[in-house]
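In this text, all values refer to a predicted model and were calculated from it rather than measured experimentally.
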Amino acid sequence: MARQIVGAHGHGHRKEVDPLEFEPQDQFQQRLKNLGEIAGLGHVAYPRKFVWTHTAKEVGDQFGERTAEQLTAEPVEVRAAGRIVALRPHGKAAFAHIAGGGGRLQIYVRQDVVGEETYKLFRLLDLGDIVGVSGHLFRTKTNELSVKVEKIELLSKALLPLPEKWHGLADIEQRYRRRYLDLIVNQGAREIFIRRAQIIREIRRFFDARGYSEVETPMMHPILGGATARPFVTHHNTFDMDLYLRIAPELYLKRLVVGGIDRVYEINRNFRNEGIDAIHQPEFTMLEFYQAYSDYLELMDMTEELFRGLAEKVTGSAQIKYGEQTIDFARFERLSMREAIVKYWPSAAGAAPTVAELSAEGGPGRVAGRFHTYARAHGIDSVANGTKLSDGELTGELFETIAEAHLVQPTFIYDFPTAISPLSKQKADDPSVTERFELFVAGMELANGFSELNDPFDQERRFRAQVEKGGQEAPKEVDMEYIRALAHGLPPTAGEGVGIDRLVMLLTDSHAIREVVLFPLLRAESPDAAADDASSQGSSGGSDSGGKAK
RNA sequence: AGGGGCGUAGCUCAGUGGUAGAGCAGCGGCCUUUUAAGCCGAAGGUCGUGGGUUCGAUCCCCACCGCCCCUACCA
C-alpha cells in the first residue's frame, strides 16, 4: 500500500513543517493578519518597553475602596500592562479585562476618547494579546472599578487563542503539558504555585533562623545510597562513567556534618525510577536537614513547630481543610510502630496483639499469620506472607497494612525496626528497633527522621547486609568513602527528610501530586508514533506488529 | 504491571449501522456602561490511528496510541 511507503519515509518530512503552523490554523492566520495590519498602521509589532505604574492587581488593591465621587473629585491616573482575558466590544466602545500580577482589571475603551486611529488598533486586538494602557480610574454603572483608557498599545501578540472561556482548560493532560495556559486561565492553579513558593520561602526562613546553612550536594551519584529505591542511570562521556541520579542526598549531607557544618539543609530533587500515581512522581522535591548534637526526639518537637508554623503562615490557621477532613497541626499524636499496630488492629481479626508479643522474637511472624488468616477470609489485602521476612520487616509490613491508612491527623510513628532502618541508630535498651520516626498526615508519609547511625563499624555491617540481601532496590556496593567519613567522626546527629510536594498538597488542599508540580512527567507526546506503528502492522494477514518492541 | 473508563469542530460536549450537531472561540454585519454582552449571517470535521465484519462503519469487533480512575511497589 502506498500508505506504507509514506509512513516509512514520513519522519523526515515532518521535520520540514513550518514550526509556526500551529493549530488552530485559521485563527493563527487571522491573528497573524491582524498583526500585519497593526504594523501597517505604523505600530511596532513587538515593542521593547512599557513603563507602568501599577499591575492590574495593584490597581484593585490600592484603589478598590475609592468611590465614584472620590475618583471624580481626585482623579487617579494609572498605567498598567497585562493580557487581555475578556473582551466585550460594543461598536464604538468596548469593555475588556486585562490580567496582570495575579489580578484582573477592567478597561473601558471609547472611540471618542482614544481617537479613531487608536480605536482602529484596538479593534485589531485579540483575546490573549498583551497590552499596555493608560487612563483615569472610574466606576461603571455596575460600580466596577475600571480604567477609562486614554492610550492603549500592543505589547505582544497572541497568535494562538486562549482556552474556552467558560470551562477554561479542563483537559488534564493539556493543563500539565501547557501549564502556562492553565496558569493564565485557572486562578486556582496559579494560587497553588504561588503558595508553593511561599511554603519553600518559609521553610528557608525557619532553618536560616536556627543557624542552618543551605547547601547543594551532587544530583549525580557514582554509588547509590541514602535510601532504598530503584534509580535512574545516566552516563558521563568524558569520564566514561555511569552515574545514578540521586535517590537521596543523605550520605553527602552527613559528610558535611563530619566537616563541621553542624546544621545543614538542602531543598532539592530526588529521582526514583518507580511508579507514578496520585502521590508519586519520578522527580520530587525533598527537604533534608541535619543537626549535630541532637536526636530524634528533638526532631519530632522541631517538626511539630515547623508544620504548625507553616500551616498558620500559609493558610492562616493551624487547622487546615483537606478534602472532607480537617487536619489539626496544633496537635500531633505519637505512637510507636508496635503501638500503632495494636491500636488499629481490626476487631474482626480477633484479639489484638500486644506490644510485648510484637517485640518478642518470632512474634511479628505469628501476628502476621493471624492477620493473614483474617484477611484471606474477608478478601482484604494481606501482609506479605513471605517466610523469608525478618521480624523487623514483618513489623513494617503489619504497620503499613493495618495502621497507615488510619493516620489522618498528624501522627509520629516512632521506633522503627532496625531491619528496615539501615541508617539509623539503635535504641540503647532495645537493639531490635531504632531511634527513627515517620510523620503521617492524611494517610501519607510526609517526613522521615532519625538519630543518625555514626558508628562506622555498625554502618558498614548494615550496608553489607543490604548488599548481600540483594534485590532491585538494594545498593549494589558499599559506599566505603562514606564509611571513611564516619571513621573521622560524625557527631551525634539527627536528620530528617520532608516531602515538599506532599506538604504542598496538604497546604493547598490538592489531592494529586501533579497539581503541585509545575511540569509533571507525562508520556512523550508523539502523534506520529501511532500512525507509523499502525501502518507498519497494517495488512490483514496479521503479522502481529513485529515493528516496535516494547 | 492488572482491572475499569474516555478519545467527535480550536475549546466544552451531544449524537446515530446510511459519512454529523449545540454552545463558546474565530470570520462578516449592527451596536458608546458591558461583564457567559446582545442580535443577524456565513464558515469550520480523514468522528484518536490501523485493520476486520457489512452493500455501507463515527457507531459493532480486534489491535495499537494517548489520557483519567482504581488496585499492587516506592516518598
Side-chain angles (χ1 to χ4, degrees), chain A residues 1 3-4 7 22-31 33-34 85-97 104 106-113 119 126-128 138-144 146 148 160-177 181 185 227-230 247-248 270 272-282 284-286 381 384 400 438 440 444-448 472-473 497-503 512-514 522-542 544-545 547-548 550:
Chain A
M1 266 185 149
R3 177 174 291 281
Q4 283 175 307
F22 291 117
E23 290 298 322
Q25 232 344 257
D26 57 333
Q27 295 193 39
F28 180 81
Q29 292 301 340
Q30 178 62 38
R31 284 162 181 254
K33 181 171 151 254
N34 291 347
V85 291
L87 194 52
R88 295 178 294 280
H90 294 264
K92 294 188 175 62
F95 285 96
H97 276 91
R104 286 176 167 226
Q106 179 165 269
I107 63 172
Y108 182 44
V109 186
R110 294 171 60 114
Q111 183 177 274
D112 60 6
V113 174
Y119 203 72
D126 293 296
L127 212 49
F138 76 110
R139 286 197 180 268
T140 62
K141 249 192 217 170
T142 55
N143 208 35
E144 178 165 350
S146 310
K148 185 168 283 179
L160 291 166
L162 289 177
E164 206 257 1
K165 70 178 172 186
W166 303 356
H167 306 87
L169 188 60
D171 183 319
I172 291 175
E173 185 186 352
Q174 292 309 320
R175 288 188 45 227
Y176 300 149
R177 286 197 195 280
L181 293 179
V185 163
T228 50
R230 292 162 65 186
I247 56 172
N270 288 341
R272 299 190 184 174
N273 204 341
E274 293 170 343
I276 295 182
D277 62 27
I279 54 170
H280 294 90
Q281 268 285 304
F284 61 102
T285 302
M286 280 273 276
D381 284 333
E400 283 175 21
E438 286 187 352
F440 291 86
M444 293 190 287
E445 182 188 333
L446 268 222
N448 176 16
Q472 270 184 313
E473 295 173 2
V498 176
I500 296 300
D501 309 281
R502 291 180 180 178
L503 176 60
I513 196 166
R514 280 186 289 197
L522 301 173
R523 227 173 281 269
E525 200 172 27
S526 61
D528 295 351
D532 288 353
D533 242 13
S535 61
S536 69
Q537 68 182 249
S539 51
S540 57
D544 50 25
S545 101
K548 281 194 178 172
K550 262 270 154 93

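As rounded to whole Å, 16 Å separates atom P of B/C74 from atom CD1 of A/I276. When the P atom of B/C74 is taken as reference, atom CD of A/E438 falls 11 Å away, rounded to whole Å. What separates CD1 of A/I247 from P of B/C73 is a distance of 19 Å, to the nearest Å. In this structure, CG of A/N34 is placed 10 Å from C1' of B/C27, rounded to the nearest angstrom. In this entry the distance linking CG of A/L127 with P of B/G26 reads 6 Å, nearest Å. As rounded to whole Å, 8 Å separates atom C1' of B/C73 from atom NE2 of A/H280. The distance from atom CZ of A/F28 to atom C1' of B/C11 is 18 Å, rounded to the nearest whole Å. For A/I513 and B/C68, the CD1 to C1' distance is 17 Å, given to the nearest whole Å.
With distances taken from any side-chain atom of A/Q27 to the nucleotides B/G10, B/U32, B/U34, the minimum falls on B/G10. Of the candidate nucleotides B/U33, B/C74, B/C67, B/U33 has the atom lying nearest to any side-chain atom of A/R110. When the nucleotides B/A25, B/C69, B/C27 are ranked by their closest atom to the side chain of A/R514, B/C69 comes out on top. Checking B/A25, B/U32, B/U33 against every side-chain atom of A/T140, the shortest atom distance belongs to B/U33. You'll find that the side chain of A/K141 is closest to B/U33, out of B/U32, B/U33, B/C27. Considering only the side chain of A/F95, B/U33 comes nearest among B/C27, B/A25, B/U33.
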Legend entry - Reading 5' to 3' through nucleotides 40-45 of chain B, protein heavy-atom contacts under 4.0 Å coded B for base, S for sugar-phosphate only, - for none: ------

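Contact check, A/R88 against B/A25: no side-chain N or O comes under 4.0 Å of OP1 or OP2.
Comparing B/C24 with B/G56, their C1' atoms are spaced 35 Å from each other, to the whole Å. Separation of the C1' atoms belonging to B/G15 and B/A72 is 39 Å when rounded to the nearest angstrom. Using P as the reference atom, B/U19 and B/C11 are 25 Å apart when rounded to the nearest Å. B/C65 and B/U49 have their P atoms separated by 15 Å, given to the nearest Å. One C1' atom belongs to B/G66, the other to B/C31, and the distance between them is 45 Å to the nearest Å. Here, B/U58 and B/A9 have their P atoms 15 Å apart, quoted to the whole Å. For the C1' atom pair drawn from B/C74 and B/C6, the interatomic distance equals 28 Å after rounding to whole Å. Of the C1' atoms belonging to B/G4 and B/G41, the separation is 46 Å, rounded to the nearest Å.
Looking at A/Y119, its side chain never comes within 3.5 Å of a backbone N or O of A/D112 through a donor-acceptor pair. Checking side-chain atoms of A/D501 against main-chain N and O of A/I513 turns up no donor-acceptor pair under 3.5 Å.
The base of B/U33 lies outside donor-acceptor range of the side chain of A/E144, with no N or O pair under 3.5 Å. Donor-acceptor pairing under 3.5 Å, judged by distance alone, is present between the side chain of A/D277 and the base of B/C73.
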Legend entry - Step-by-step side chain to side chain contact (heavy atoms under 4.5 Å, CB included) determination, A/Q281 to A/R272: CA-CA 8 Å; A/Q281 268 285 304; A/R272 299 190 184 174; over 6 Å; no

Inset, instruction - Evaluate the criterion side chain to side chain contact (heavy atoms under 4.5 Å, CB included) for residue pair A/L160 and A/Q27; output intermediate values, then yes/no. - result: CA-CA 7 Å; A/L160 291 166; A/Q27 295 193 39; over 6 Å; no

Legend entry - A/R139 and A/N143: CA distance, side-chain angles, deciding distance, side chain to side chain contact (heavy atoms under 4.5 Å, CB included) verdict: CA-CA 5 Å; A/R139 286 197 180 268; A/N143 208 35; 3.0 Å; yes

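Residue A/N270 is classed as having no contact, given no heavy-atom separation below 4.0 Å to the nucleic acid. Base contact: A/I279 has a heavy atom under 4.0 Å from a base atom. Contacts of A/Q111 with the nucleic acid, taken as non-hydrogen atoms under 4.0 Å apart, are absent. At a threshold of 4.0 angstrom between heavy atoms, the contacts of A/D112 include nucleobase atoms, whether or not backbone atoms are also involved. Here A/F138 lies in heavy-atom contact (under 4.0 Å) with a base.
Between A/R139 and A/L162, it is A/L162 whose nearest contact on RNA chain B lies nearer the 5' terminus. Checking A/E274 against A/R31, the closest nucleotide of RNA chain B that is more toward the 5' end is the one next to A/R31.
Qualifying side-chain contact (heavy atoms from CB on, under 4.5 Å) partners for A/Q30, counting only residues two or more places apart in sequence or in other chains: A/K33, A/N34. Residues meeting the ring pair (Phe, Tyr, Trp, His ring centres under 6.0 Å) test with A/F138, sequence neighbours left out: A/Y108. Taking the side-chain contact (heavy atoms from CB on, under 4.5 Å) definition, one finds that A/A512 meets it with A/E515, sequence neighbours left out. The salt bridge (Lys or Arg N to Asp or Glu O under 4.0 Å) check on A/E274 picks up nothing, with sequence neighbours excluded.
With both pairing distances under 3.5 Å, B/C55 is matched to B/G18 as a Watson-Crick or G-U wobble pair. The partner of B/A9 is absent, by the rule that a Watson-Crick or G-U pair needs both atom distances under 3.5 Å. The pairing partner recorded for B/A63 is B/U49, the criterion being a Watson-Crick or G-U wobble arrangement whose two distances lie under 3.5 angstrom. Figure legend. B/A72 is base-paired to no nucleotide; pairs are counted as Watson-Crick or G-U wobble with both atom distances under 3.5 Å.
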Might you list the N or O atoms of the protein lying below 3.5 Å from N or O atoms in nucleotides 28-31 of chain B, with each pair's distance?
| residue | atom | partner | partner atom | Å |
| --- | --- | --- | --- | --- |
| B/C31 | N3 | A/G91 | N | 3.1 |
| B/C31 | N4 | A/G91 | N | 3.4 |

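In this structure, CZ on A/R230 lies 6.5 Å from CG on A/N273, to the nearest 0.5 angstrom. Rounded to the nearest 0.5 Å, atoms CG (A/L503) and CE (A/M444) are 9.0 Å apart. Taking OG1 of A/T140 as the start and CZ of A/F95 as the end, the distance is 6.0 Å to the nearest 0.5 Å. The structure places CD1 of A/I279 at 9.0 Å from CD of A/E445, a figure rounded to the nearest 0.5 Å.
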